[in-house]
Amino acid sequence: MELNQLTIHELQEKIRSGKTTATEIVQSVFRRIDAVEKAIHAYILLTREAALAEADRADEAIRKGDIRTLTGIPVALKDLLCTRGVTTTCASRILHDFVPPYDATVVEKLRDAGAVFTGKTNMDEFAMGSSTETSWFGITRNPWDLERIPGGSSGGSAAAVAADACIAAIGSDTGGSIRQPAALCGVVGMKPTYGRVSRYGLVAFASSLDQIGPFTKDVEDCAILMNVIAGYDPRESTSVPAEVPDYRQYLARGIDGWTVGIPKEYFIEGIDPEVMTAVRKAIAVVEGLGARCIEISLPHTAYCLAVYYIVAPAEASSNLARYDGAKYGFRAPDSRGLLDMYKKSRSAGFGAEVKRRIMLGTYVLSSGYYDAYYKKASQVRALIKRDFDEAFQRCDVILTPTTPTPAFRIGEKTDDPLHMYLSDIFTISTNLAGIPGISVPCGFTQGGLPIGVQFLTGHFEEAKLIQIAATYEKNANLEKRRPTL
Amino acid sequence: MEFEPVIGLEVHAQLLTDSKIFCGCSTKFGASPNSHTCQICLGMPGVLPVLNRKVVEYTIKMGLATHCRINEACNFARKNYFYPDLPKGYQISQYANPLAEHGYVDIELENGKKRIGVTRIHIEEDAGKLMHDEHHPFSYVDLNRTGVPLIEIVSEPDIRSAEEASAYLRRLHEILVYLEICDGNMEEGSFRCDANVSLRPKGQEAFGIRAELKNMNSFRNVQRALEYEIKRQQYVLEGGGVVVQETRLWDDTGGVTHSMRSKEEAHDYRYFPDPDLVWVAINEDWVEAIRKDQPELPLEKRERFVRDYLIPAYDAGVLTTSRALADYYEAVVHLTGKPKIAGNWIMGDILRFINEEKREIADCPITPQALAEMIRLIEEGTISGKIAKEVIEQMYKTGKPAATIIAKKGLVQITDEGALVQAITEVMAANPKQLEQYRSGKDKVFGFFVGQVMKATQGKANPQLLNDLLKKMLAR
Ligand SMILES: [Zn+2]
């Protein structure tokens with residue numbers, strides 16, 4: 001096996017025992033990137049030189065015995081995490097040349113833990129999308145089938161991990177943007193509890209829903225990254241000073257005696273039969289591990305999509321107001337006067353999906369409509385959260401499919417936003433309720449496309465997700481496959 | 001038809017915190033453009049606001065001083081609009097849930113007190129400043145002021161004249177400055193005011209259509225603008241027209257208001273709760289601690305001065321114009337036990353000196369102790385009140401104590417009978433004609449002799465002693 005194919009914990013072992021060096025690992029990853037990037041286009045920007053220099057420093061540190069959690073581990077960052085001195089574009093023309101003078105808190109933490117950054121990964125523009133097709137810098141392709149989308153919005157991060165074009169990656173999840181591409185690319189993706197991982201330096205899409213999380217090759221790596229990125233940040237008012245456990249301690253505890261809730265609203269007609277079969281199999285595996293699976297109900301599930309498409313665009317319409325061409329980023333060259341500059345810069349700077357959501361959001365917040373839309377949506381959101389609170393009185397975790405279908409074809413849904421929005425139907429409720437969720441691979445379609453199963457649990461109980469996901473992963477006996485590229 | 005103006009005021013006061021409301025940048029005025037900025041107040045991508053605790057504390061202070069209810073919890077909202085001085089494209093403000101509500105202030109008018117309701121006090125962040133190039137088609141933006149904390153104090157439409165508006169504003173200003181939460185500088189924009197004005201036929205309950213006035217940067221301008229606007233609306237209404245709901249700008253040079261934007265053009269601010277900030281729970285103990293710490297406010301102080309020190313209301317008003325002045329006065333009173341005399345010296349001399357040099361009372365070279373000492377020297381008869389006028393001037397100029405000046409200049413009062421008898425005898429001898437007149441019953445000439453002896457003694461004669469001796473000797 002090549003170094004780039006290994007996991008964080010495998011590489012840690014090799015580094016500690018002196019069997020390899022950070023430089024070898026980083027070189028191995030970039031060799032892979034050179035081989036596959038043309039085909040998949042997972043990255044917007046590669047920071048090869050900085051990475052090699054960083055690897056050098058890492059090797060120096062290793063020689064001195066300073067080995068940290070992620071020393072020498074190549075990690076890719078979704079291009080909406082601010083990186084000091086490195087362009088952060090959000091895959092948008094309007095920020096195509098924006099260079100932040102600061103690091104996101106998560107970036108700082110990863111840096112402090114010794115991570116080496118390979119580059120900035122592709123995404124849907126401003127994280128608005130489920131297919132990574134709305135990027136100003138072009139689409140990303142699914143490593144398992146280049147004619148298909150990798151999911152989104154963190155499609156680049158998911159594809160890079162799946163293609164071994166990094167060891168792990170960071171993404172963000174506003175309505176499923178980590179879990180959905182993780183499922184479609186056959187990797188592990190976690191959305192932590194809202195408030196668990198600092199949002200400082202994450203370019204906002206919908207502030208009350210956004211959350212940063214890891215993409216990894218297995219659950220153990222997910223636990224390792226969570227150990228690094230989770231925790232209170234005084235720079236964020238919505239950050240919660242809750243204790244962060246050592247997630248690695250939960251990998252081998254098993255789930256004997258647990259109760260797993262199966263929400264009937266998530267097992268509906270319209271789900272791809274192969275997805276349904278794989279998820280049913282996962283339920284059987286979980287039961288075989290000593291858990292009791294019970295049917296539960298999340299009665300307000302039907303409203304999730306509607307609530308999400310009011311709340312998220314409303315917040316986005318305000319969050320994206322700062323991109324006006326005045327201070328940084330794209331400014332239309334031929335504008336006359338202030339208003340014209342605003343209009344032309346924003347018209348040419350944002351893509352169609354972003355503009356659609358800005359308009360939606362502006363509309364639902366308008367005077368006379370606020371009560372009927374935003375306020376009502378906030379009220380329903382509280383009910384959705386209550387559904388989960390009540391469900392977790394009866395069960396430890398909830399199990400659902402991550403997505404209703406495997407990866408769809410490129411261009412298949414781009415002209416049909418509503419159909420596109422439906423691909424997040426099983427992931428959106430998590431963000432509305434603020435709870436954590438994880439997607440773990442649970443098999444393949446006959447056509448060789450990955451399928452994911454999702455586990456959800458109560459606020460700040462990510463450890464439970466690690467526990468069940470790791471136990472499932474270990475016992476599912478899934479065929480080990482790699483995409484052929 | 002007789003019309004009655006209905007006026008409500010919105011006052012924006014900059015809070016005197018060291019740092020901005022949501023970041024650590026300095027709030028100091030006058031720094032070079034954009035030097036007091038960071039990624040947070042510049043509204044760069046990905047940054048988040050964290051509320052400055054002091055802002056909440058200061059707002060609670062103002063809420064308590066204006067008898068508001070301090071809400072148990074409050075939250076922040078985004079007010080969305082595009083303008084280059086607003087880097088985020090929205091202003092963080094309070095909307096549905098302000099910190100303080102339902103208060104009042106009492107204002108003093110010629111015909112007594114009047115109570116003006118305070119609808120609400122809410123917290124918000126200030127915007128930056130645009131500077132327009134006169135020679136080139138460019139504008140420059142200075143974001144030093146962006147994120148400086150403001151409170152907006154919204155009055156009920158209880159104000160019925162420009163004079164009342166002015167009195168209300170002065171009252172708010174005075175309270176803010178007394179609380180030391182705002183420097184009150186109107187020129188630098190630390191204290192700003194917008195007004196809503198409408199007219200209605202006297203006796204009618206329903207309000208008329210209002211205009212909003214902006215850009216009035218002094219008390220005088222507020223009064224002038226309101227007077228103008230009341231007349232303008234009266235003219236419109238009397239001519240059978242209707243007042244247009246609009247925003248009007250006060251033009252200081254022209255002395256008029258003109259239309260800035262109509263209701264149709266008005267912004268839809270699309271307020272919604274700011275998801276980056278959490279609800280602020282206001283602990284009752286905290287409010288009580290602040291309440292205990294509140295200084296005495298100007299109106300209460302004035303009333304106490306009149307009651308306890310038996311000084312005229314006018315004097316009390318002058319002596320409480322600032323907290324520092326009132327403290328200065330009270331220090332002198334406590335040292336001398338002479339409230340009226342202390343007041344006279346401060347109002348007549350000290351204030352004249354510092355006003356001439358535009359100094360603050362805190363910078364006055366004469367300390368309350370020094371002034372008290374001088375008053376004691378008068379009381380003891382060491383110097384006369386007249387000499388004291390000269391002494392206090394020297395004290396101000398040199399910063400030296402009264403005793404030093406008196407000794408150096410030989411200003412000690414002549415209380416020695418022998419010396420005075422000698423002087424009187426000489427004056428009498430030199431003015432036989434006047435002596436004759438006095439003795440033939442012209443009492444008025446007495447003053448002439450007082451003056452002459454004073455002149456001869458360079459004003460140092462003890463007036464009481466001189467009086468007694470003169471009466472005796474002239475009568476002989
Ligand atoms: Zn700042």
Side-chain angles (χ1 to χ4, degrees), chain A residues 80-82 88 90 95 98 100-105 126 195 198-204 206-210 233-240 311 314-315 317-324 326-329 336-339 341-342 346 361-370 374-375 378, chain B residues 21-24 34 37-53 75-93 95-96 128 130 132 137-141 143 146 263 265-280:
Chain A
L80 45 43
L81 287 161
C82 286
T88 300
C90 279
L95 284 177
F98 174 65
Y102 46 91
D103 273 334
T105 298
F126 281 103
S198 171
R199 292 188 294 120
Y200 187 87
L202 165 76
V203 181
S207 313
S208 75
L209 302 162
D210 295 343
D233 182 3
R235 288 189 288 191
E236 182 199 331
S237 306
T238 49
S239 177
V240 177
V311 173
E315 293 178 4
S317 71
S318 175
N319 283 333
L320 271 60
R322 69 191 65 196
Y323 311 115
D324 57 6
K327 304 167 291 279
Y328 45 74
R336 293 173 161 271
L338 181 65
L339 206 61
M341 179 185 85
Y342 284 160
R346 287 170 68 82
T362 305
Y363 178 77
V364 299
L365 289 177
S366 303
S367 124
Y369 296 97
Y370 179 87
Y374 188 83
K375 196 172 169 196
S378 304
Chain B
I21 180 166
F22 297 122
C23 66
N34 298 308
T37 57
C38 68
Q39 60 255 35
I40 295 170
C41 53
L42 292 176
M44 296 188 88
V47 301
L48 295 169
V50 176
L51 180 62
N52 180 341
R53 185 186 165 92
N75 73 345
F76 291 88
R78 293 185 184 177
K79 179 180 180 178
N80 296 283
Y81 64 96
F82 285 97
Y83 207 60
D85 67 2
L86 192 68
K88 296 191 297 300
Y90 57 86
Q91 179 194 30
I92 303 178
S93 180
Y95 186 61
L130 286 188
H132 304 288
F138 298 125
S139 293
Y140 301 92
V141 62
L143 298 175
T146 309
K263 189 190 170 191
E265 298 166 275
H267 295 296
D268 178 356
Y269 291 119
R270 293 175 282 121
Y271 281 101
F272 76 106
D274 191 331
D276 286 332
L277 290 159
V278 290
W279 278 79
V280 180

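Residue numbers begin at 1 in each chain, while the letters A, B, ... track the order of the sequences. Every value quoted in this text rests on a predicted model; they were computed, and no experiment measured them.
At a 4.5 Å heavy-atom cutoff, the contact between A/Tyr328 and chain B is made by side-chain atoms alone. Within the 4.5 angstrom heavy-atom criterion, only side-chain atoms of A/Leu338, from C-beta onward, approach chain B. Of the two parts of B/Ile40, only the side chain, counted from C-beta on, holds a non-hydrogen atom closer than 4.5 Å to a non-hydrogen atom of chain A. In this structure, chain A has heavy atoms under 4.5 Å from both the backbone and the side chain of B/Asp276. For B/Tyr83, the parts lying near chain A are the backbone and the side chain together; criterion is any non-hydrogen pair under 4.5 Å. Contacts of A/Pro101 with chain B are made by side-chain atoms alone, with heavy-atom separations under 4.5 Å and no backbone atom involved. In this structure, chain B has a heavy atom under 4.5 Å from the side chain of A/Leu95, while its backbone stays farther away. Proximity to chain A is limited to the backbone of B/Pro49, based on heavy atoms less than 4.5 angstrom apart. With a threshold of 4.5 angstrom between heavy atoms, A/Asp210 does not approach chain B through any atom at all. With a 4.5 angstrom heavy-atom cutoff, A/Ala314 touches chain B only via backbone atoms. With a 4.5 angstrom heavy-atom cutoff, A/Arg346 touches chain B only via side-chain atoms.
Looking only at heavy-atom pairs under 4.5 Å with chain B, the residue among A/Val203, A/Leu339, A/Leu320 that has the most is A/Val203. Across B/Val47, B/Asp274, B/Val141, the residue that shares the most heavy-atom pairs under 4.5 angstrom with chain A is B/Val47. Ranked by heavy-atom pairs shorter than 4.5 Å toward chain A, the options B/Pro137, B/Gly89, B/Gly43 are led by B/Gly43. Interface check for chain A: of the options B/Leu51, B/Leu42, B/Leu86, B/Asn80, the most heavy-atom pairs under 4.5 Å are formed by B/Asn80. The candidate from A/Gly201, A/Ser318, A/Ser207 with the greatest count of non-hydrogen atom pairs under 4.5 Å with chain B is A/Ser318.
Separating the OG1 atom in A/Thr362 from the CG atom in B/Asp268 is a distance of 9.5 Å, to the nearest 0.5 Å. Taking CZ of B/Phe272 as the start and OG of A/Ser317 as the end, the distance is 6.0 Å to the nearest 0.5 Å. Rounding to the nearest 0.5 Å gives a distance of 13.0 Å between CZ of B/Arg270 and OH of A/Tyr374. Here CG of B/Leu48 is found 10.0 Å from OG of A/Ser239. Values are rounded to the nearest 0.5 Å.
For the pair A/Cys82 and B/Met44, the minimum side-chain heavy-atom distance is 4.5 Å or more. A heavy-atom distance below 4.5 Å is found between the side chains of A/Tyr323 and B/Pro45. Side-chain atoms of B/Phe22 and A/Ser237, non-hydrogen and from C-beta on, never get closer than 4.5 Å to each other.
Residue B/Tyr269 places its OH atom among more than 12 non-hydrogen atoms of other residues, nucleotides or ligands, all under 6.0 Å distant.
B/Phe82 and A/Tyr342 have tilted rings, their planes meeting at an angle from 30° to 60° on a 0 to 90° scale.
Legend: residues meeting salt bridge (Lys or Arg N to Asp or Glu O under 4.0 Å) with A/Lys327, ordered by chain and number and at least two apart, are A/Asp324.
Residues B/Val50 and A/Pro234 share a closest heavy-atom pair of CG2-O, 3.4 Å.
Here salt bridge (Lys or Arg N to Asp or Glu O under 4.0 Å) pairs that include residues 41-53 of chain B, with residues two or more places apart or in two chains, number zero.
Side-chain contact check for A/Arg322 and B/Tyr90: at least one donor-acceptor pair (N or O, by modelled atom type) lies under 3.5 Å.
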